[in-house]
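Accompanying notes for the structure given below.
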Amino acid sequence: MSAMRTYSVAVVILGGALAVALLSLLPAEHALHVPGYVVALLGKYLCYALLALSVDLVWGYVGILSLGHGAFFAIGGYAMGMYLMRQIGARGVYGNATLPDFMVFLNWQELPWYWGGFNHFGFALLVMALAPGLLAFVFGYLAFRSRVTGVYLSIITQALTYALMLAFFRNDMGFGGNNGLTDFKDFLGFSLQSDATRAGLLVASAALLSLFYVVCRMLVGARFGKVLVAIRDAESRARFLGYRVERYKVAVFVFSAVMAGLAGALYVPQVGIINPGEFAPANSIEAVIWVAVGGRGTLVGAIIGAILVNLGKTIFTGALPELWLFALGGLFILVTLFLPKGVVGLWDRIMARRVPAPPLVAAPVRQPEAGE
Amino acid sequence: MKIGKTKLALAAGLAMGLGTASASAEDTIKVGILHSLSGTMAISETTLKDVMLMLIDEQNKKGGLLGKKLEAVVVDPASNWPLFAEKAKQLLEVDKVAATFGCWTSVSRKSVLPVFEHDNGILFYPVQYEGEESSRNVFYTGAAPNQQAIPAVDYLMNEEGVKRWVLEGTDYVYPRTTNKILEAYLKLKGVPAEDIMVNYTPFGFSDWQTEVGNIKKFGSAGKKTAVVSTVNGDANVPFYKELGNQGVKATDIPVVAFSVGEEELAGLDTKPLVGHLAAWNYFMSVDAPENKAFIDEWHKFTKNDKRTTNDPMEAHYIGFNMWVKAVEKAGTIDPDAVIDAMIGVSVPNLTGGYSAMMPNHHITKPVLIGEIQADGQLDTVWQTSGLVPGDEWSDYLDGSKDLISDWRAPLSCGNFNTKTGKCGGETVATQ
Amino acid sequence: MRKFLVTCALVLFAALAANPAAADPVEDILTGFASSKYDDIEKSIDALAASGDAAAPAILDALSAGDLQVSSDKKLYIKGDDGSLKEARSGADATGEIPPGLKAVKVNNRVRRAIDAAMGQLTLLSPDPAKRLSAAASQFHAPDPAQLPAVESAIAKESDPAVKRAFEQARAAIILVKSDAPDADKIAAIGLLAARGDEDAKSLLDAATASGSPAVADAARGALKGIERSLAWWSAAQNVYYGLSLGSVLLLAAIGLAITFGVMGVINMAHGEMVMLGAYTTYVVQQAVMVAAPGLTDYALVLAVPAAFLVSGAAGIAIERSIIRFLYGRPLETLLATFGLSLVLQQAMRSIFGPTNLQVDNPSWMSGSMDLGGLAITYNRFWIILFAVAIFALLTLVLRKTALGLQMRAVTQNRRMAASMGIRTGWVDSLTFGLGSGVAGIAGVALSQIDNVSPNLGQSYIIDSFMVVVFGGVGNLWGTLVGAMSLGVANKLLEPVAGAVLGKIVVLVLLVLFIQRRPRGLFPVKGRAVES
C-alpha cells in the first residue's frame, strides 16, 4: 500500500464530507443544495466507519474477533451524552439546573458522584477516550495473559457487552435506563438542531476518520504491524521468537477501543440519543459484518463495508420495509460464501483482470493470507 | 485512484436511493407510518401499521382529503431507536409527509421528538405512556397514567377491598414512573409502606418462578393482596403462564395489567387466568355500533376473522379521524394551521362516545376495567361514569405537580410552571 | 354412601323446613340475579347458600362457569355445553320459544369469591371427597365463626383421613378467629396449625400473636418460630429447585449448540432459529391435531417432538449442504453467514405466521402444580426437567454407542484420517449438523410451553446458549450439563438477594472472570484437535 493511496483515501473522505457540508449550507432552493437529512446520514455512516476501522484493526491484523466492540462505542457515546445532558442546564422541562429531567421525575435528590465533571468538555473528552481504553485494558490484560483466544474470546467479549447492556438498562444506574439520554440542546455552545452545527459535526467525523485511517495505515505498515500479522498467523511461533504477544495484543486492543469510543462520542450528537440498545450484542456482530463485507484486513474495506451496508439498510428499510431483512441477511450469506475478501477483494480481482499490468502504483503487496 | 471511483459510485447509489423515495406524484397527501416491522417490537407494532393502512384506504374510498388521495408511506425503523430518528427525518424531509402515525416505546418517541420539533412535523402517538411530556408537534392519543393506572387502583381498593400491593414491572421508564405515581397515591390513601412491594425485572424476562413465588408469599399475610403489573410485551406470556401454573387465582390475588390487551392474550391459553384484570380505554368486547363496524372492517381488510383489535388501534382510529377533521377545518395540510386546528376537535371513539383533543395535546377517554375471559377477550366489569381528560404532568410527582401544558395562544407552552409563572425548557423557542 | 345421601336429604329437609314457605323465598332470591349490580348478585349468592335449596349447587356452578342466563322477565336458565336451555330451579328442559332478552349473569372476582364461599358451605357434605376437600380449603381460607357447627358436624361424619385433617385445620382456623373460644381450644388449634406449617398457617398465627390472652399469644409465637425455621429451609430448597428448572431450560437450549458449535466448531448464530422452528412446528402440530382429532389435543405435544426434530433437522441439513460446508476451516466466517441466515429465518416466520405470539396450549398434564412438602412444583417445569435429562441421556448414547456417533467423533477429531478409513466425511458432517439442529428443534417444543412462540424466541436464548457451552467446555456434553445446571442454580440463588437484573449481571461477570482463569471451560477437551 503506497503512501499515495493512503493519503488519497483520507483526502477523498475529508474532501467529500467537506463538499457535502458546504453544499448543505446553500439555500434550499439552490440546485446543488444537499438536504440536512443526507448530512445527518453521512455523519452517522462515518461514525460507523470509524467503528468498523477499529474492528478491522484487531480482527484483520491481530486475529482478535471482538464481538463486544459495540460496548466501547456505547461507552464513548454515554460519556458524550452525559456532557450534552449537563449542557441542557435549566432548559429541561422541569427547569432544574443540576438534575437531568429523567432524574427529576424519578425523584432523585442529587446528582450521582460519577456525573461530576461532565459539565466540562475537556473532562468529558478525556472520559470518552479513557473509559473505553481502561475497560479494554483491564479486559484485554486478563484475557490475553491467560491466552484466551479464538471463539472463547469472541464469546466472552459478547458476554461483556451483554452484561453492560443489562447494567445500563437498570434505572438505578443513573444513566436514564432504557430511554437513555436524549433531548440534547447544544454542543460546545452550538445548537444541535442548526444545519451549520450538523455540517460541522460531519466534517469533524470525516476528519477523525481520516486521521485514524492514516494512523492505522502507518501502524500496520511499520514493524509493529508486521509483528501483529505474525501474531495473527502464528501466535505461538511469534511467542517463541521472543515477542511479548500479550503486550502487543493489549496495546492494539486498547487503541482500537479508544477509536471505537471516540466514534461513539461523535455519533451521539448526530443521532440525538444514546441508550442501552447500543450495547446489544447484535450491534457488535453487525460491525464485524461491515468489515467482512468490505474486506477484512484492508482498513479501507472496513470503511467501504460500513458505508455500503448502512446505505443498503437506509434504502431497503424505506423501499422494502417488509422484506429488507431478507435482502440484508441474504447479502451477509452471499458475501461470506462468494466474496471471502469482501468488496475490496472483488474490486482487486476485477482490476487485475481488466488491467494486465498495474499502472503507476507499485506492485500491490499481497496481504498475507488470513488465518484461515 | 481506485478508491475515488468507489466513492463516486457510492455517492451515486446514495443519490439514487434517496431519489426513488422522493419521486412520486404531487397530487396526493402523504401520511407517514413509523412502526417497527422487524425486531423485538414488531410483535406489537405491525398491527398498528395494518390498521393505519386500513384507515387510509377507507378514507380514500370516501373520496380522500381536500380532494386529494391519501398515500401511505411505510418505513421500518426495525426496533432500533437511532433508526427511528433517521426514518422520521426521511419521512419529514424526503417524503414530506403531512402527518406521521407511529412509535410504541417511549424511547422511540424520545428519539424522534427533536426531529419532529425541528422539522415542524406532526406525530400521533397511540400508546399508553408515563406522561411527563407535552410537545407542540406530538398528539398523544394513548392514555396518560391518570387515564389507566389510578382508576384501576381505585377499582381494586373499592370493589375488591385490596389492602396490600405488589407493583411488578419491567425495568424501564413507564413502569418506574407509573409505580412512583402509584406509590405516592397509595400512601396518600393510607397504605403503609410495608404493604407495598415493588419489583422490577429486565426486558423479555422469561423465568418468573422466583417472582411469582414471592408474590404468593407476600399475598399470604392475611390481607387482601393485588398485583399491579406494568410488565412489558414479551415478558407477559411467561409471566401469566407461571401465574396460572403456580395457581395464583384471580379470586385470591388479582393481577391488573396496563400493558396486556387482546393482542397479548391471543398468544395464551386464558382459561387459568379468568378474572385477572386489565385497565384500558377500549376493549374489543365493547358493545357499540362503531366498534362492531370497526371490527368488521378490520376482519375484511386483513381477510382473517380471528384478528383481534386492541386499545392502541383505537387510539390510531381516534387520532386519524381527528387529523382528518382538523385538516378539513384548516383547509390545508400546513402543519402550523393543522396543529392549531387540532385542539378542540372531537370525534367518535369506539366505546360509544366522543373523544376530544385538549389543549395539552392529550385526549379525553373513558377508563374501562375488564376481566380476562376464557375466550381471550376482556369483559368490562367497571367503567368511569364520564370521560377522563389525560393529565400529562402528574399531580403525584414532586417535580411535575406545578406544571401544566396549554398549546393555545397566548400561553402556547408545554410545561408552564404555575408557581413561578414561567414556561420552562426550550419548547417555545423551537416554534 | 347411602348414609351420606340420607344425611344430605335430612339436612336439606331441615333447612327447607326452617323456612316457612310463604311464597317460596328461593324464587325471590333468584330474581336478585337479574340485577346488574355485583352487590345484589353477591347478596343473592349468600342468601341462596343459606337457603340450602337443592338446586343451589347447580345454579352456582353454572354461574361460575358463565352459563347462568337471565331473561328479561327475570327467569333464570342454565345453558348447557350443547346450547340447550334448562330452567335453573327445576332443572327441566326449557320449552317453547327462546325467552326474550336472554343474557349471561355477569360475574367478577368478588362474585367468584362469594360463589367459592357458598360452595364451601354447600359441599361440606358432598359425596365427592375432592369437593369436600375443596370445601374444607375454602372454609380454611375464609374462616367464619358462624360455620363452626357445620364444620364440626362434617368432621364427625368424615371417614377419609386426608379430608378429615383438612376439616380439622379449617376448624382450627375458625377457632383462632373466634373471639369467644376458650384459650385451651385456641392453644390446641395453634398446635394443629403449627403442624401444617405453611405460609397460610403462618399468617393465621401472626394474627393470633396479637391475642388478648397471654397464654395464646405465647403459644402462637412459639409455633411461629418453628414454622419460620422450617419455611426458611423450604424456601432455600425451593430456590435450588427453581435453579434446576432454569438450568434444564438452559440445557435444552444449549444442547443442540453443544453439537453444532461444540463438536463441529461451527459458530451457529442461527441456532436460536432452529429452536424457534421447533416451537412453530409445535404450534402447527397442535392446530392440526385440534382439527383432525380434538380428543387427542392433550397429546399433540408428544407428536410434536418427532415432528420438530424432523423439521429442524431437515432445515439443519439443508443449511449445512448449502452454506456451512463451504466454510469449514473458517469458523469465524460461519458466524457471519449464520447471522445473516438467522435474520432471514426470523423474517420468514414473520411473513408466514405473522409477527404476533402464537398460542400453544399447555396440555392438562402440564398445567397446575403440586405441593411436595413446602415445595411448590409446577408440572410444566417438572416435565421439562425430566425431558431435558432424557434428551441429554439419549444424545450421550447416540454419540457413544452408535456407529454414527463414532463416525462423528472420528471426523471432528481427525478429518483426513477418518476419510482415509472410508468414512464419508461430508455425509457425516451433514448428519451431525442435522442432529444438532434437530435437538434444537426439540428444545423448541419444550420452550413453547413456558415462553412466547414468536419470531424472536430464538434470539432470547442464543447468548445464554453460547455461554453455557463455553462455560462447560467446548466439545463436551457433560460440561454442557454441568454448565447449564450451575448457571441456572447460581442465577436463582442470586435472584432473591440481588434482584433479577443484577443477579444476571453478576453471573455474567463471574463467567467472564472464570473463562480468564480457565480459558477452556469447566471440562476442557485435551488433545491436538482443539489447539488448531
> Please walk me through it: do B/K223 and C/S203 pass side-chain contact (heavy atoms from CB on, under 4.5 Å)?
Replying inline: CA-CA 9 Å; B/K223 287 183 185 167; C/S203 76; over 6 Å; no

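- Proximity to chain B (any heavy atom under 4.5 Å) is restricted, for C/V360, to the backbone atoms N, CA, C and O.
- When all heavy atoms are compared, the tightest approach of B/D269 to C/Q359 is CA-NE2, 3.5 Å.
- Of the atoms belonging to C/Y379, not a single heavy atom falls under 4.5 Å from chain B.
- Ion pair C/R381/B/D207 flagged as a salt bridge, since at least one NZ, NE, NH1 or NH2 atom sits closer than 4.0 Å to an Asp/Glu carboxylate oxygen.
- In this structure, no portion of C/S460 lies under 4.5 Å from any heavy atom of chain B.
- Residue contact with chain C, scored on non-hydrogen atoms closer than 4.5 Å, involves the side chain of B/L277 exclusively.
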> Given the rule in the side-chain contact (heavy atoms from CB on, under 4.5 Å) test, do B/N245 and C/F382 qualify, once you have shown the distances and angles that lead to the verdict?
Replying inline: CA-CA 11 Å; B/N245 281 325; C/F382 179 69; over 6 Å; no

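- Side-chain contact between C/I450 and B/P238: absent, with no pair of heavy atoms (C-beta onward) separated by less than 4.5 Å.
- Side-chain contact between C/N357 and B/I43 is present, with at least one heavy-atom pair separated by less than 4.5 Å.
- For chain C, the nearby part of B/A266 is the backbone; its heavy atoms alone come within less than 4.5 Å.
- The local environment of NZ in C/K79 is sparse, with at most 12 non-hydrogen atoms from other residues, nucleotides or ligands closer than 6.0 Å.
- If you check the side chains of B/T210 and C/K492, you find a donor sitting under 3.5 Å from an acceptor.
- Put simply, the side chain of C/P355 does not reach to within 4.5 Å of the side chain of B/E45, judged on heavy atoms.
- Of the N and O atoms on the side chains of C/S245 and B/Q209, at least one donor lies less than 3.5 Å from an acceptor on the other residue.
- A distance of 9.0 Å separates NZ in B/K271 from OG in C/S367, rounded to the nearest 0.5 Å.
- Only the side chain of B/K241 has a heavy atom closer than 4.5 Å to any heavy atom of chain C.
- For B/K216, the part lying near chain C is the side chain, with the backbone staying farther off; criterion is any non-hydrogen pair under 4.5 Å.
- Contact of the C/V501 side chain with the B/T201 side chain is not registered, since no non-hydrogen atoms from C-beta on lie closer than 4.5 Å.
- Residue B/N199: no heavy atom, backbone or side chain, is found under 4.5 Å from chain C.
- More than 12 heavy atoms of other residues, nucleotides or ligands lie within 6.0 Å of CG in B/N304, so this atom counts as buried by the packing criterion.
- The two residues C/N456 and B/D234 come nearest to each other via the heavy atoms ND2-OD2, 4.1 Å.
- With rounding to the nearest 0.5 angstrom, the CG atom of B/L268 is 8.0 Å from the CG atom of C/N452.
- Proximity to chain B is limited to the backbone of C/S448, based on heavy atoms less than 4.5 angstrom apart.
- Among the candidates C/D361, C/D200, C/V107, C/N362, the residue making the largest number of heavy-atom pairs closer than 4.5 Å to chain B is C/D361.
- Residues B/P202 and C/K504 form no side-chain contact, since every pair of their non-hydrogen atoms from C-beta on lies 4.5 Å or further apart.
- Between C/R112 and B/E371, at least one side-chain N (NZ, or NE/NH1/NH2) sits under 4.0 Å from a carboxylate O, which counts as a salt bridge.
- Neither the backbone nor the side chain of B/F239 comes within contact range of chain C, judged by heavy atoms closer than 4.5 Å.
- Taking C/E199, C/K106, C/K202 one by one and counting their heavy-atom pairs under 4.5 Å with chain B, the maximum is reached by C/E199.
- Going from atom OH of B/Y155 over to atom CG of C/N108 covers 4.5 Å, rounded to the nearest 0.5 Å.
- Interface residue B/E159: backbone and side-chain heavy atoms are both found under 4.5 Å from chain C.
- B/A221 touches chain C through its backbone: at least one of N, CA, C or O sits under 4.5 Å from a heavy atom, while the side chain does not.
- Note on B/G376, B/G161, B/A235, B/G39: by heavy-atom pairs under 4.5 Å with chain C, the leading option is B/G39.
- At a threshold of 4.0 Å, the pair C/R110-B/E160 does not count as salt-bridged, since none of the basic side-chain nitrogens sits closer than that to a carboxylate oxygen.
- Nearest approach of C/R113 to B/A250, heavy atoms of both residues: NH1-O, 4.4 Å.
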